[in-house]
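The structure displayed is predicted, hence computed values, not measured ones. Lettering of chains follows the sequences in order, A, B, ..., and the numbering in each one begins at 1.
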There are 2 protein chains.
Amino acid sequence: MRMTPMIESFVCHFGEMGSRWGFNRTVGQIYALLVINQQPLCANDIGELLGISRGNVSMGLKELHSWQLVQTTHRPGDRKDYYQSRGSIWDMANRVFEERRKREIDPTLSLLRDILLDEAGNAEEAYAQERIAEIHDLLENITDWAQSLQSLSPEKLNTLMKLGSGVGKVLEFKDKLMTKKAD
Amino acid sequence: MRMTPMIESFVCHFGEMGSRWGFNRTVGQIYALLVINQQPLCANDIGELLGISRGNVSMGLKELHSWQLVQTTHRPGDRKDYYQSRGSIWDMANRVFEERRKREIDPTLSLLRDILLDEAGNAEEAYAQERIAEIHDLLENITDWAQSLQSLSPEKLNTLMKLGSGVGKVLEFKDKLMTKKAD
DNA sequence: TAATGCTTTCAGAAATTTCTGAACATTCAA
DNA sequence: TTGAATGTTCAGAAATTTCTGAAAGCATTA
């Protein structure tokens with residue numbers, strides 16, 4: 001593969017974007033490269049295309065592996081490992097959400113829970129606990145919800161997203177039905 | 001205010017969490033302090049409580065200000081600025097989403113769009129464009145959807161979240177109705 | 001107009017993160 | 001058993017981010 005300007009700008013940008021999403025620049029660039037390249041690439045190719053050291057490539061691939069975003073393939077009569085992106089773009093987004101939840105939200109939730117179990121020592125701490133409870137509940141709601149959305153089929157998720165704020169109407173409708181039933 | 005162990009652990013952790021969410025440790029800690037403290041604090045208090053320099057406090061508050069997460073108040077006969085967190089926890093979450101979208105997603109969408117406007121120079125670029133289009137569409141869908149959810153009232157959003165994956169059932173139901181209507 | 005009390009700015013220091021490359025590990029073929 | 005090809009690790013170098021503190025700015029009051 002050659003680095004055309006189009007491909008280079010994508011890979012570069014994805015590197016920067018990556019660092020916002022919880023992995024570093026190199027990891028983002030390696031992944032970008034593998035996503036837009038139909039043929040699997042070996043570690044050497046990757047290092048040369050991105051101009052980074054072998055060690056760095058190895059560490060980056062290790063990271064992507066732990067995120068289950070790449071898979072390794074082999075060619076007959078060739079001992080090199082070849083790497084490919086794994087799953088659909090949807091899978092990728094899910095993985096990123098999941099990983100971030102595990103690394104960033106869960107520990108926070110657990111700390112907040114611990115704090116809420118403590119007895120407030122004074123009025124200030126009592127107030128603090130109220131606010132912390134709000135944050136805890138919000139985080140918990142959002143993550144629970146995100147998880148239940150992930151269990152929805154992609155088609156249903158798509159319907160839901162297409163609905164946009166129109167989902168409000170559907171909810172009203174459902175409310176009406178529930179009320180009738182209760183009569 | 002005093003830094004009790006409970007409050008200290010919250011503030012510390014929020015600092016680390018903050019750095020994952022697009023603002024640095026200090027900004028996270030200052031915000032945590034203001035959220036759990038009912039009384040407004042002045043810059044000096046903040047610096048002392050967190051053990052950071054005057055300049056750092058000022059920069060942190062400036063950042064929080066630009067995110068519209070704090071407001072400044074004054075006391076009669078006191079020239080110092082006092083700071084308070086602003087809005088509900090929900091507002092805070094919205095602000096964070098919004099800011100992150102503006103800073104992280106929008107530039108990427110715009111780059112991807114530009115790339116998609118270019119003519120593919122060869123088969124490799126054509127394949128790359130296909131994958132880039134997938135990413136673009138996914139990002140666009142998600143952000144559009146997130147935006148339309150933000151326009152929903154908090155109560156409706158809450159209903160929706162409580163529904164969890166049960167939203168699937170409601171969608172099926174709506175589908176049936178739409179089909180009947182079309183008959 | 002000078003002094004005071006407070007905030008802001010920013011150059012460079014300190015801390016943190018990322019990257020390199022040499023050393024080591026592993027596998028296979030000769 | 002040796003050596004060639006490849007992958008992995010990790011100490012320290014390089015790059016990046018964050019923080020400090022001194023200087024400057026800005027009102028206000030004496």
Side-chain angles (χ1 to χ4, degrees), chain A residues 11-34 40-67 70-84 100 103-104, chain B residues 11-34 40-67 70-84 100 103-104:
Chain A
V11 168
C12 263
H13 190 91
F14 212 87
E16 282 161 38
M17 183 183 162
S19 73
R20 317 263 192 176
W21 279 85
F23 35 89
N24 68 29
R25 189 158 55 87
T26 307
V27 171
Q29 291 188 348
I30 294 178
Y31 186 66
L33 211 51
L34 295 179
L41 294 170
C42 71
N44 251 332
D45 295 341
I46 296 172
E48 268 172 39
L49 286 167
L50 298 180
I52 60 179
S53 72
R54 263 153 60 65
N56 202 4
V57 173
S58 177
M59 288 188 295
L61 286 168
K62 189 177 157 198
E63 177 87 0
L64 284 169
H65 223 90
S66 83
W67 286 51
V70 291
Q71 63 190 6
T72 309
T73 59
H74 293 95
R75 292 184 184 172
D78 185 344
R79 284 209 275 118
K80 281 205 280 294
D81 293 342
Y82 285 82
Y83 304 91
Q84 258 185 323
R100 286 178 68 97
R103 296 178 188 194
E104 297 163 19
Chain B
V11 168
C12 263
H13 190 91
F14 212 87
E16 280 160 40
M17 184 182 163
S19 73
R20 317 263 192 177
W21 280 85
F23 35 89
N24 68 29
R25 189 159 53 88
T26 307
V27 171
Q29 291 188 348
I30 295 177
Y31 186 66
L33 212 50
L34 295 179
L41 294 170
C42 71
N44 251 331
D45 295 341
I46 297 173
E48 268 171 40
L49 286 166
L50 298 179
I52 59 178
S53 73
R54 201 58 199 65
N56 202 3
V57 173
S58 178
M59 288 188 296
L61 286 168
K62 187 177 158 198
E63 178 86 359
L64 285 169
H65 225 91
S66 83
W67 286 51
V70 292
Q71 62 190 6
T72 310
T73 58
H74 292 95
R75 291 184 185 172
D78 185 344
R79 286 210 272 118
K80 280 205 281 291
D81 292 341
Y82 285 82
Y83 303 91
Q84 257 186 324
R100 287 177 68 95
R103 297 177 188 196
E104 297 163 19

5' priority, DNA chain D, between A:Arg25 and A:Asp78 [closest heavy atom]:
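The answer here is A:Asp78.
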On the nucleotide C:dC19, are OP1 or OP2 found under 4.0 Å from the side-chain N or O atoms that A:Thr26 carries?
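The answer is yes; a side-chain N or O of A:Thr26 sits under 4.0 Å from OP1 or OP2.
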Taking OP1 and OP2 of D:dT17, is either one under 4.0 Å from a side-chain nitrogen or oxygen of B:Asn24?
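Negative; the distance criterion is not met.
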Tell me, do [X] and [Y] make a side-chain contact under 4.5 Å, heavy atoms counted?
X       : Y       : answer
A:Met59 : A:Val27 : no
B:Cys42 : B:Tyr82 : yes
B:Ile30 : B:Val70 : no
B:His65 : B:Thr72 : yes

Spell out yes or no: do the side chain of A:Arg79 and the base of C:dT27 have one donor N/O and one acceptor N/O closer than 3.5 Å?
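When only heavy-atom distances are counted, A:Arg79 does reach the base of C:dT27 through a donor-acceptor pair under 3.5 Å.
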Main-chain N/O of A:Trp21 paired with A:Arg100 side-chain donor or acceptor, under 3.5 Å
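Yes, the answer is positive, given that a donor and an acceptor are paired below the 3.5 Å cut-off.
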What is the distance, to the nearest angstrom, from the [atom1] atom on [X] to the [atom2] atom on [N]?
X       : N      : atom1 : atom2 : answer
A:Leu50 : C:dC19 : CG    : P     : 11 Å
A:Ile52 : C:dT20 : CD1   : C1'   : 11 Å
A:Tyr83 : D:dT8  : OH    : C1'   : 10 Å
B:Ile46 : D:dC19 : CD1   : P     : 14 Å
A:Ile30 : C:dC19 : CD1   : P     : 9 Å
A:Lys80 : D:dG7  : NZ    : P     : 8 Å
A:Glu48 : D:dT6  : CD    : P     : 12 Å
B:Leu41 : C:dT7  : CG    : P     : 12 Å

Using a cut-off of 4.0 Å on non-hydrogen atoms, how would the nucleic acid contact of A:Asp81 be classed: base, sugar-phosphate, or nothing?
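A:Asp81: backbone/sugar contact only, no base atoms under 4.0 Å.
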Check nucleotides 9-14 of chain C against the protein and report each pair of N or O atoms closer than 3.5 Å, with its distance, or say if there are none.
residue : atom : partner : partner atom : Å
C:dT9   : OP2  : B:Lys62 : NZ           : 3.4

Kindly write out the residues that satisfy salt bridge (charged side-chain N to carboxylate O under 4.0 Å, His left out) with A:Arg103, not counting sequence neighbours, or none if the list is empty.
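Checked A:Arg103 against salt bridge (charged side-chain N to carboxylate O under 4.0 Å, His left out); matches are A:Glu63, A:Glu99.
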How about B:Tyr31 and B:Trp67: are their ring centres within less than 6.0 Å of each other?
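For B:Tyr31 and B:Trp67, the ring centres are not under 6.0 Å apart.
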